[in-house]
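Note that the coordinates shown come from a computational prediction; the quantities given were computed from them, not determined experimentally. We use all heavy atoms of the structure for the numbers below, so side chains are in, but hydrogens, waters and symmetry mates are not.
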Amino acid sequence: MKEKKKQLTKAETQVMNILWSLPEQQGFIQDIIDRYPEPKPAYTTILTFMKILTDKGFVKPEKVGKANRFTPLVSKDDYTYSFISDVKDTFFDGSFTSLVSFFAKKEQYTDEELAELKELMTKIESKR
């Protein structure tokens, strides 16, 4: 049986996005709070999130003095790929074309975005 991948909640994702954006992608709880938008959460709230993220295997704490420095165990790219792959498998029967078509039909694209998409397709075709 396929092991269910752990997913982040919306609030956990916000914390991880801040952690991923920190210099050297690691930091202390106060570093995360400092980068949080207003209203900033309490120290204990972020401490709780970091415990949950540690238990889920997304971060590793390392004792530095009296505080823990947290380092992601999963890169943003790897998590994003896994998450989108799950969406593709769950809602689009595993079809990349169906996933892309869904967004292509729903979104409004600027001329610049269309040019970028065409350039991306050209690069993909040239790698084949």
Side-chain angles (χ1 to χ4, degrees):
M1 180 183 277
K2 186 177 175 184
E3 181 185 336
K4 176 110 172 88
K5 295 178 193 143
K6 292 184 175 133
Q7 292 199 344
L8 298 169
T9 65
K10 186 175 182 179
E12 292 165 355
T13 300
Q14 187 173 17
V15 171
M16 286 300 297
N17 277 328
I18 292 170
L19 190 59
W20 282 319
S21 73
L22 290 172
E24 299 181 30
Q25 292 193 3
Q26 60 182 3
F28 298 93
I29 289 175
Q30 193 59 51
D31 296 324
I32 294 167
I33 293 170
D34 290 346
R35 287 166 178 77
Y36 232 89
E38 293 292 341
K40 294 189 183 289
Y43 186 94
T44 53
T45 301
I46 300 302
L47 184 64
T48 300
F49 277 123
M50 298 318 284
K51 167 107 175 69
I52 292 167
L53 290 167
T54 299
D55 291 346
K56 283 184 165 184
F58 283 99
V59 300
K60 175 182 76 171
E62 175 189 354
K63 201 72 153 161
V64 178
K66 293 182 180 182
N68 279 323
R69 178 174 51 210
F70 294 91
T71 304
L73 295 173
V74 177
S75 72
K76 185 174 184 175
D77 280 352
D78 287 347
Y79 181 75
T80 302
Y81 182 82
S82 175
F83 183 85
I84 297 298
S85 291
D86 286 347
V87 169
K88 178 185 70 157
D89 293 343
T90 301
F91 296 102
F92 301 98
D93 295 323
S95 169
F96 175 73
T97 304
S98 294
L99 171 73
V100 172
S101 295
F102 175 81
F103 284 100
K105 292 173 189 172
K106 298 281 185 186
E107 296 288 322
Q108 297 293 321
Y109 299 100
T110 65
D111 289 341
E112 285 179 357
E113 289 172 322
L114 286 173
E116 286 178 36
L117 288 171
K118 287 176 185 176
E119 184 179 329
L120 178 60
M121 288 304 300
T122 301
K123 286 179 182 177
I124 291 170
E125 289 172 348
S126 69
K127 288 182 179 180
R128 299 180 93 217

Quiz prompt | Closest non-hydrogen atom pair, Pro41 against Ile33 | solution =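 Heavy-atom minimum between the residues: O-CG2, 4.1 Å.
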Would you please name every residue forming a side chain to side chain donor-acceptor pair (under 3.5 Å) with [X], sequence neighbours left out?
X: Asp55; answer: Lys51
X: Gln14; answer: Tyr36
X: Asp34; answer: Gln30
X: Lys40; answer: none

Practice problem: Would you list the pairs meeting ring-ring contact (aromatic ring centres under 6.0 Å, His included) in which at least one residue belongs to residues 38-73, sequence neighbours left out? | Solution: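 The answer is Phe58-Tyr79.
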Quiz prompt | Side-chain hydrophobic cluster, 4.5 Å single linkage: members besides Ile124 | solution = Leu120, Met121
Exercise. Quick one: which residue pairs count as a salt bridge (charged side-chain N to carboxylate O under 4.0 Å, His left out) with a foot in residues 57-67, not counting sequence neighbours?
Key: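 Listed once each, the pairs are Glu62-Arg69.
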By side chain to side chain contact (heavy atoms under 4.5 Å, CB included), which residues pair with [X], not counting sequence neighbours?
X: Ser98; answer: Phe92, Ser95
X: Ile84; answer: Thr80, Leu99
X: Thr110; answer: Glu112, Glu113
X: Asn17; answer: Thr13, Trp20, Lys76

Practice problem: Test side-chain contact (heavy atoms from CB on, under 4.5 Å) on Leu53 and Leu8 and set out the steps. | Solution: CA-CA 8 Å; Leu53 290 167; Leu8 298 169; 3.4 Å; yes
Nearest 0.5 angstrom please: [X] [atom1] to [Y] [atom2], how far?
X: Thr9; Y: Ile52; atom1: OG1; atom2: CD1; value: 7.5 Å
X: Phe96; Y: Asp89; atom1: CZ; atom2: CG; value: 13.0 Å
X: Thr45; Y: Ile32; atom1: OG1; atom2: CD1; value: 12.5 Å
X: Gln7; Y: Phe83; atom1: CD; atom2: CZ; value: 5.5 Å
X: Ile29; Y: Leu47; atom1: CD1; atom2: CG; value: 4.0 Å

Quiz item: Which is it for Val74 and Met16 under the side-chain contact (heavy atoms from CB on, under 4.5 Å) test, yes or no, and what are the steps along the way?
Solution: CA-CA 10 Å; Val74 177; Met16 286 300 297; 5.7 Å; no
Exercise. Measure from the side-chain N and O atoms of Ser85 to the backbone N and O of Tyr81, and report whether any donor-acceptor pair falls under 3.5 Å.
Key: yes
Quiz item: Donor-acceptor pair, Asp31 side chain versus Phe28 backbone, under 3.5 Å?
Solution: yes
Quiz prompt | Asn68 side chain reached by Met50 side chain, heavy atoms, under 4.5 Å | solution = no
Practice problem: Answer yes or no: are there more than 12 heavy-atom neighbours, outside Gln108 itself, under 6.0 Å from its atom CD? | Solution: no
Exercise. Mark yes when over 12 heavy atoms from residues, nucleotides or ligands other than Glu24 sit less than 6.0 Å from its CD; otherwise mark no.
Key: no
Practice problem: With sequence neighbours excluded, tell me which residues meet ring pair (Phe, Tyr, Trp, His ring centres under 6.0 Å) with Tyr109. | Solution: none
